[in-house]
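Some notes on the structure that comes next.
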Amino acid sequence: MGVFDVVDVRKQFPALDEGAAHFDGPGGSQTPQVVADAVATTMTSALANRGTLTAAERRSDEIVVAAREAMADLLGTDPRGIVFGRSMTQLTYDFARTLAKTWAPGDEVVVTRLDHDANVRPWIQAAEAVGATIRWVAFDTETSELDDVTPLLNDRTRLVAVTAASNLIGTRPDTVDIADRVHEAGALLYVDGVHLTAHAPIDASYADFYVCSPYKFFGPHLGALTASPELLETLRPDKLAPTADVVPERFELGTLPYESLAGTTAAVDFMAGLGGTGATRRERLQSSLQVVEEYEDNLRDGLEARLAAIPGIRLYGHAARRTPTLLFTLEGWTPAAVAERLAAVNVNAPAGSFYAYEPARHLGLGAAGAVRVGLAPYTDQADVDRLIAAVESLDAVSTD
Ligand SMILES: Cc1ncc(COP(=O)(O)O)c(C=O)c1O
């Protein structure tokens, strides 16, 4: 088992020198120097369209190949099935439209009330366009656990879209078990791993599609999807005539962002170095993310107990398995007012529903949402103390 050194980790994030306590990681993590260097070095090196003739062409090609290998190591899948896109949202819209070409009226698609809207709306709109029916899985607002998917599955089910972890309340449904049920029904499983991938060792091979976003795990702003190359071979996305009709390239519209791909590889290498051990990068990633998970969960437990002890606080995430992401409201205060007061003392914990549109409505939070506190490997005990002190100071003064 490796050792996690938060002091050393923090030194690698220049943004922390600005002095804020960052609890805004679920919206996008801060960036280590090595990732910024990889982006900058790529931008100032000779680049060209991918090819084999010039050094510039070969460099671009190598960057793409390396990024696919890095993502495959992170997710435990095949580099030939890694698709890059501008964002998870864009990739999901693209795949929803592509998959919907194979659906017919009366087919069924299952979405959940726990998911970020990027894993809900694209499926609803794609289903509506072909006359397919949407089925909803709710979650228990007391326990935060996702309801059983099984009763909704039948021989008309074509696809189930579910999150690996809620970006609002942290719930981690048992997606491996869901995959078994979905596959028994002969349907496909599309998993949103955007929130989870920064916080736990991942083996995405159970899902037909698993999608995530490197900017949530210390990388640049883009999205990545993994699927088996054999499954991708069966799909026919809309594409330009000259685009190579091969997998995974035929799913990647336009020229890839080489600098962001180089940054993604650097982010994966950075994660592999977060205290884990092992002979291969895959092993070091699994080990490091386990170390990170233990560190973050431990910090979360202490923070949660202290928040819960503050009069007027209501916490919303209670699932047995969840990420280190807390959501709270404070009696007498609007979430926006709390976030504003925290920001005034350089504690960044935003308020809102964070595009978790259905979950926020299901919890009765409405558009105002709640205050979200997300932990990251660069969060330390001093950050937690600052947050608690700031929230405690609010308790005394009500906005009523
Ligand atoms: C759980 C979850 N899914 C999807 C998304 C959308 O990701 P992207 O910004 O890459 O489209 C987010 C972004 O916050 C998210 O937290």
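All residue numbers in this chain count up from 1 along the given sequence. All ligand and atom numbering here is 1-based and tracks the order in the structure. What you see is a predicted model; the values in this text were computed from it and never measured.
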Ligand 1: protein N/O within less than 3.5 Å of ligand N/O:
| from | atom 1 | to | atom 2 | distance (Å) |
| --- | --- | --- | --- | --- |
| ligand 1 | 3 (N) | Asp192 | OD1 | 3.3 |
| ligand 1 | 3 (N) | Asp192 | OD2 | 2.6 |
| ligand 1 | 9 (O) | Tyr215 | OH | 2.5 |
| ligand 1 | 10 (O) | Met88 | N | 2.8 |
| ligand 1 | 10 (O) | Ser213 | OG | 2.7 |
| ligand 1 | 11 (O) | Met88 | N | 3.3 |
| ligand 1 | 11 (O) | Thr89 | N | 2.8 |
| ligand 1 | 11 (O) | Thr89 | OG1 | 2.5 |
| ligand 1 | 14 (O) | Lys216 | NZ | 2.6 |

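Every residue was checked against the salt bridge (Lys or Arg N to Asp or Glu O under 4.0 Å) condition with Asp8, not counting sequence neighbours, and none meets it.
Listed by first and then second residue, the salt bridge (charged side-chain N to carboxylate O under 4.0 Å, His left out) pairs that reach into residues 352-374 are Arg113-Glu358, Arg121-Glu358, sequence neighbours excluded. Screening residues 212-222 for salt bridge (charged side-chain N to carboxylate O under 4.0 Å, His left out) gives no qualifying pairs among residues at least two apart or on separate chains.
At a cut-off of 3.5 Å, with distance as the only test, a side-chain donor of His199 or Glu296 sits close to an acceptor on the other residue. Under the 3.5 Å distance criterion, with hydrogens and angles disregarded, a donor-acceptor pair is assigned to the side chains of Thr329 and Tyr316. Donor-acceptor pairing under 3.5 Å is lacking for the side chains of His221 and Ser87.
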